[in-house]
Amino acid sequence: NFPATFRYHKQVTMSFIEKAINPAFYKQKISTWSHATAEYYKPLFRSGSVKPLWHIMIATGVLMYTQNYLFNKGTHIQHARQEKKVALEEYYKNHNITPGH
């Protein structure tokens, strides 16, 4: 027989897996989040507060910085650019071409 804690852990893990593969779980989470967000911001918009503007600006900045890093400056992108640079230099050397002309 397994100890009670093992059976409890297995039951919790299985229930988490069942939730994770169920689309209704995600739909409910999104619905709850959107309702809570609307309830938080609605009075702020009505009162003319600047807080929602700041939140939008910060969220936009974080999103743009993340995209810039992932798609322009990430390590895999830099590695690919370095490979292309080396290949181009070899091409110029093999064909007696001066770069930039």
Side-chain angles (χ1 to χ4, degrees):
N1 286 332
F2 292 109
T5 56
F6 178 77
R7 279 182 269 144
Y8 174 74
H9 179 70
K10 185 176 179 182
Q11 183 180 2
V12 169
T13 304
M14 292 304 291
S15 68
F16 173 75
I17 291 172
E18 289 171 359
K19 285 181 185 177
I21 61 173
N22 188 357
F25 172 74
Y26 296 104
K27 185 177 179 182
Q28 188 266 336
K29 288 289 185 186
I30 290 170
S31 175
T32 302
W33 177 81
S34 63
H35 177 73
T37 302
E39 291 299 314
Y40 176 77
Y41 283 110
K42 195 178 295 183
L44 294 173
F45 277 116
R46 288 188 178 157
S47 69
S49 175
V50 74
K51 191 182 270 190
L53 175 64
W54 283 106
H55 289 177
I56 291 169
M57 289 170 52
I58 290 169
T60 302
V62 168
L63 180 67
M64 290 177 66
Y65 177 81
T66 303
Q67 285 181 323
N68 186 31
Y69 179 79
L70 291 175
F71 299 115
N72 295 333
K73 298 180 182 176
T75 55
H76 62 286
I77 300 295
Q78 292 300 324
H79 179 70
R81 286 183 183 169
Q82 185 62 30
E83 282 183 352
K84 288 178 185 175
K85 182 179 177 183
V86 169
L88 197 55
E89 287 174 358
E90 288 177 8
Y91 176 82
Y92 288 154
K93 183 179 175 186
N94 292 339
H95 294 285
N96 294 325
I97 300 173
T98 306
H101 288 94

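- Cluster membership for Phe45 and Tyr40, using ILVMFWY side-chain heavy atoms within less than 4.5 angstrom, is shared.
- Between atom CZ of residue Arg81 and atom NE2 of residue His76 there is a gap of 10.0 Å, rounded to the nearest 0.5 Å.
- Listed by first then second residue, pairs satisfying ring pair (Phe, Tyr, Trp, His ring centres under 6.0 Å) with a partner in residues 77-99 read Tyr91-His95, not counting sequence neighbours.
- Shortest non-hydrogen contact noted between Asn72 and Ile77 is O-CG2, 3.6 Å.
- Under the 3.5 Å distance criterion, the side-chain polar atoms of Ser31 are left unmatched by any main-chain donor or acceptor of Lys27.
- A side chain to side chain donor-acceptor pair (under 3.5 Å) with Thr32 is found for one member of Gln28, Lys29, His35 and no other, namely Gln28.
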Quick one: side chains of residues 48-56, donor-acceptor pairs under 3.5 Å with protein atoms, not counting sequence neighbours, listed by atom name and distance.
{"residue": "Ser49", "atom": "OG", "partner": "Lys51", "partner atom": "N", "Å": "3.1"}
{"residue": "His55", "atom": "ND1", "partner": "Tyr41", "partner atom": "OH", "Å": "2.5"}

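- Environment of OH in Tyr65: sparse, with no more than 12 heavy atoms of neighbouring residues, nucleotides or ligands closer than 6.0 Å.
- Taking the side chain as every heavy atom from C-beta outward, Lys85 and Glu89 approach each other to under 4.5 Å.
- Checking side-chain atoms of Asn22 against main-chain N and O of Glu18 turns up no donor-acceptor pair under 3.5 Å.
- Taken to the nearest 0.5 Å, the OG1 atom of Thr75 stands 9.5 Å off from the CG atom of Leu70.
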